[in-house]
Protein chains: 2
Amino acid sequence: MHQEPHSTSTRRPRADGERNRARLIAAAKAAFAERGAAASLEGIASEANVSIASLYRHFPTRDALIEAVYRQETDTLIDAAAKLMAEREPITALREWLLLFVEFLDAKHGMSEALNTLIGGPNTLYSGTPGRLAPPITTLVDRATETGGNRIEVEPIDLLRAIAGVANHTANTEWKQSAIRMVDLLLKGLQDKEYRPETPETSGDTVKP
Amino acid sequence: MHQEPHSTSTRRPRADGERNRARLIAAAKAAFAERGAAASLEGIASEANVSIASLYRHFPTRDALIEAVYRQETDTLIDAAAKLMAEREPITALREWLLLFVEFLDAKHGMSEALNTLIGGPNTLYSGTPGRLAPPITTLVDRATETGGNRIEVEPIDLLRAIAGVANHTANTEWKQSAIRMVDLLLKGLQDKEYRPETPETSGDTVKP
DNA sequence: TTGATAAACGTAGGGACCCTACGTATATAA
DNA sequence: TTATATACGTAGGGTCCCTACGTTTATCAA
């Protein structure tokens, strides 16, 4: 009847559970890299020698699985942000971090779609990760711009979205160069002070405040 | 035995064929707008009162259907580019056109994914439209930058990709503001002359030429 | 060791969707 | 009115998503 020695007595997690979980993540990593973010979950399960039901038990949604696959990598990015802020000038820290982000996209090629999950994609409904990268990029941009006194205020996370957008190729092998140039373009836009959107008087119907 | 009065005697296209084709496009337009680019093709077919086989006859791939749905709108964009170049200063023309592109994204909300088809997305393999928007945006950027003497050379189409990347929300209703700010940020980056990527000496392992 | 039990597992199957094979209907032009 | 190119629909195999249900097993206490 009574069986609780301590208030928070939780059993040790079962070994088979953790083993299968790890196998699923490994299989998913490979599948996502090879077939894109829409890879078959049943295929992933059988590749991991695990039933499809178990896959769903561990990862209730596809996004949960994607997040698990990339959690480690995003942790690395988050750590790098702290380190760069400590060791670099604000602008340089931001730039280097964005380049790391490009590297991240490069390492997981074909994954740029999946990135939508990490940086807050279309389906925010069932996306449990509303942007683990938002805090670091926000801080980096804030520090980089409070000195520069820039005028155009972008949502920091949108820089990542823009870069990820550029990375949306599978065929073109030069996307990485494009992405790096985009980083510099965005940085340049963030830095200077002399730009004005210069709305023309003749046809002001395009944008209204 | 002989039945060719003229060398290129082609029968007039059948009326039912064209009618069904139009109905499919209309149904697809609604479906894509409502359920996103991954909407069910069978659903689209039945919504148009057409068999699934006929849908495939008219549009062999999903991308072909997407392209048909947006062909008219992209034509409008292409025409607008010519007009803007005739009537505006180069920079202004580029800016206004990018804002039109934002409007286009706004009108077809949830469609930003489908845009990958139009601006050359991941699956270039079976994408018959390798960027109908590439020529106009390229010309606009060329004209805008040959005066400004900018240093950073982006692939013009990547501007569209960046903007479309920012637009990748369904939930957030403020994406349009973000996208407009992104337009100005990109333009500012394209215009000025004083920026240098300033690669730091201490740890140059991030980028290599 | 052994037994109790929470925690994990797999099989099976309904439903949605993709895509194609095959035979049929019909709009056009002679 | 007839011939025929052109379009059509039904049917079905295959893949995948997701859940219900009963079974197995790893942990912990006795």
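Each chain gets a letter, A, B and so on, in the order its sequence line appears, and its residues count up from 1.
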I'd like a table of donor-acceptor pairs (distance under 3.5 Å, sequence neighbours excluded) in which one partner is a side-chain atom from residues 75-84 of chain B, with atom names and distances.
{"unit_1": "B:D75", "atom_1": "OD1", "unit_2": "B:R132", "atom_2": "NH2", "d": "2.5"}
{"unit_1": "B:T76", "atom_1": "OG1", "unit_2": "B:Q72", "atom_2": "O", "d": "3.1"}

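For A:H58, no side-chain nitrogen or oxygen approaches OP1 or OP2 of C:dA8 to under 4.0 Å. Contact check, A:R62 against D:dC17: a side-chain N or O comes under 4.0 Å of OP1 or OP2. Under 4.0 angstrom from either OP1 or OP2 of D:dC28 there lies at least one side-chain N or O belonging to A:R12. Listed pair A:S40 / D:dT15 fails the phosphate criterion, with no side-chain N or O lying under 4.0 Å from OP1 or OP2.
Distance alone, capped at 3.5 Å, places no donor-acceptor pair between the B:R181 side chain and the A:E155 backbone.
For D:dT27, its base sits under 3.5 Å from the side chain of A:R11 at one donor and acceptor pair at least.
Distance CD1 (A:I44) to P (D:dC18): 12 Å, rounded to an integer number of Å. For the pair B:L55 CG and C:dT20 C1', the interatomic distance rounds to 14 Å; values are reported in whole Å. For the pair B:E47 CD and C:dC17 C1', the interatomic distance rounds to 16 Å; values are reported in whole Å. One interatomic measurement links the two molecules: CZ of B:R14 to P of D:dG9, which rounds to 11 Å at whole-angstrom precision.
In terms of heavy atoms, B:L185 sits closest to A:G189 at CD1-C, 3.3 Å. Listed here is the closest heavy atom pair of A:P90 and A:R143: CB-O, 3.5 Å.
A:R57 and A:S54 share a donor-acceptor pair across their side chains, judged by distance under 3.5 Å alone.
Using a 4.0 Å cut-off on heavy atoms, the residues of residues 15-25 of chain A that approach DNA chain D are A:A15, A:D16, listed by number.
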Give me the distances for all protein-to-nucleotides 11-13 of chain C N/O pairs that come in under 3.5 Å?
none

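More than 12 heavy atoms of other residues, nucleotides or ligands lie within 6.0 Å of CD in A:E73, so this atom counts as buried by the packing criterion.
Put simply, the side chain of A:L94 does not reach to within 4.5 Å of the side chain of A:T145, judged on heavy atoms. Side-chain contact between A:R21 and A:L24 is absent, with no heavy atoms from C-beta onward closer than 4.5 Å.
Interatomic distance, B:E87 CD to B:T92 OG1, rounded to the nearest 0.5 Å: 12.0 Å.
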